[in-house]
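Quick note on labels: first sequence line is chain A, next is B, and so on, each numbered from 1. These numbers come from a predicted model, not from an experiment.
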2 protein chains.
Amino acid sequence: MDGRSGRGARTRDALRRSAFRLFLAEGYEKVTVARIAAGAGVSHMTFFRHFPTKEDVVLRDEYDPMLEELVRSRPADHPPVERVRHAVTTALPAVYREERDALYLRARLILRTPALRARMGESAASSSLAFERGLTPPGEDPAPAVRVIAAACTAALTTAITLWVEDEGRAELPDLVEDAFDALVNAAGGPS
Amino acid sequence: MDGRSGRGARTRDALRRSAFRLFLAEGYEKVTVARIAAGAGVSHMTFFRHFPTKEDVVLRDEYDPMLEELVRSRPADHPPVERVRHAVTTALPAVYREERDALYLRARLILRTPALRARMGESAASSSLAFERGLTPPGEDPAPAVRVIAAACTAALTTAITLWVEDEGRAELPDLVEDAFDALVNAAGGPS
DNA sequence: CTCACAGTGTTAGTAACTCACACCATACAC
DNA sequence: GTGTATGGTGTGAGTTACTAACACTGTGAG
């Protein structure tokens with residue numbers, strides 16, 4: 001049981017905290033898994049029992065199920081992009097108010113570390129899957145068009161986060177996300 | 001000079017061929033870099049001089065500059081998605097006729113190998129950059145909206161390839177790409 | 001108390017990658 | 001020819017992410 005309560009979850013959190021503390025202080029590459037584990041008072045094997053790879057400490061997040069539910073909860077006759085957009089703009093501000101700094105530092109760490117940036121596509125794919133599922137009635141397979149749209153929405157979201165980090169966090173992420181979805185919706189007809 | 005002629009390019013190609021032969025026969029994970037190198041008659045160090053990682057033998061491609069040029073060559077007052085779409089639907093059929101099988105086997109290998117799938121986002125990012133550049137006048141920085149659109153087009157393209165492989169290559173990739181761009185363009189207003 | 005079991009530690013691997021440095025082949029000067 | 005750059009390659013030793021096998025411990029149920 002690798003669940004979310006009990007001793008397991010506590011060392012898991014300790015490992016994550018130890019990892020971020022070290023990564024932010026010294027950079028991802030300079031920190032070995034052994035030191036992360038030592039910082040959490042466990043051995044390197046325990047690290048790998050909780051996170052399949054070093055990259056996963058940073059990349060894994062838990063937002064997907066929430067996003068899927070939020071998308072599903074919008075009326076099915078609304079345009080799919082709007083369903084996704086509404087889900088995101090509903091969920092984001094709450095998270096954003098609570099953990100803006102942590103969110104920014106994490107995004108910056110990912111985008112500035114080649115090894116992490118390289119594996120970002122995987123997180124994106126998993127968000128995309130959540131959108132696909134939210135847009136599809138339970139039991140059915142997502143239609144090809146739905147998969148394209150889900151992937152495009154994910155691309156918009158990822159681009160917004162990238163712009164946020166390039167801007168060094170001065171702009172407000174929810175605004176950038178709004179702009180990104182606007183750009184996506186206007187893509188077909190609008191001028192360059 | 002790691003260019004495209006001379007002894008360097010020859011061993012580079014030999015390494016790529018050796019790698020694909022072994023990967024397709026035994027699977028990506030079972031094959032070590034040392035064996036790839038041996039198959040090309042060189043040492044493992046030579047492998048890493050030509051490809052920074054094992055994954056790069058499969059993931060690196062050379063289409064980006066061509067795509068950028070094709071996008072740029074379309075009139076700048078056309079909608080950006082159409083410029084990208086035209087570039088892709090122009091370039092793809094030629095490549096497709098010549099190397100359909102190689103293309104399919106490569107795509108399948110990537111999508112079915114976790115380590116390669118995980119790093120697909122990196123290739124996607126590089127195609128996206130090519131689109132951004134093609135959509136932006138030289139010397140200028142790509143506008144945020146352009147970056148969203150480029151990323152969305154890349155997502156459409158990637159989704160089409162994924163569907164092609166899931167379909168086991170029965171459908172024609174150019175058709176799937178057309179459908180994916182249709183879905184993208186109709187995303188804003190169309191029904192679910 | 002005992003038993004079950006999840007969580008952890010130890011040890012010993014494999015394989016991807018890096019570094020330092022020496023070697024060789026082609027090419028061009030003289 | 002002989003020298004001499006230079007790009008490509010080999011050797012060998014090292015670091016680190018990750019895996020496998022197996023033994024240990026603490027906690028909770030009966």
Grab the [atom1]-[atom2] distance between [X] and [N] for me, whole Å please.
X       : N      : atom1 : atom2 : value
A/His50 : C/dG7  : NE2   : P     : 7 Å
B/Arg10 : C/dA25 : CZ    : C1'   : 12 Å
B/Asp56 : C/dC17 : CG    : P     : 9 Å
A/Lys30 : D/dT16 : NZ    : C1'   : 14 Å
A/Asp13 : C/dG7  : CG    : P     : 14 Å
B/Tyr28 : C/dA15 : OH    : C1'   : 11 Å

task = Indicate whether any N or O donor in one side chain lies under 3.5 Å from an N or O acceptor in the other, for A/Thr53 and A/Arg119.
result = yes
Residue pair B/Glu172 / B/Tyr96, side-chain donor-acceptor N/O under 3.5 Å = yes
task = Establish, yes or no, whether the cationic atom of B/Lys54 lies under 6.0 Å from the six-membered ring centre of B/Tyr28 and within 45° of the ring axis.
result = yes
Distances under 3.5 Å between nitrogen or oxygen atoms of protein and nucleotides 17-25 of chain D:
| from | atom 1 | to | atom 2 | distance (Å) |
| --- | --- | --- | --- | --- |
| D/dA17 | OP1 | A/Lys54 | NZ | 3.4 |
| D/dA17 | OP2 | A/Val33 | N | 3.3 |
| D/dC18 | OP2 | A/Lys54 | N | 2.6 |

inquiry  = Could you check whether any side-chain N or O of A/Tyr104 sits under 3.5 Å from a backbone N or O of A/Glu99, counting only pairs where one atom can act as donor and the other as acceptor?
reply    = no
ask   = Do the charged groups of A/Asp13 and A/Arg10 touch, with an N to O distance under 4.0 Å?
value = no
Any B/Thr11 side-chain N or O less than 4.0 Å from OP1/OP2 of D/dT9 = yes
message = Within the 4.0 Å heavy-atom criterion, would you say A/Thr46 contacts the bases, only the backbone, or no part of the nucleic acid?
response = sugar-phosphate
key: In one Ile/Leu/Val/Met/Phe/Trp/Tyr side-chain cluster, 4.5 Å: A/Val95, A/Leu157   = yes
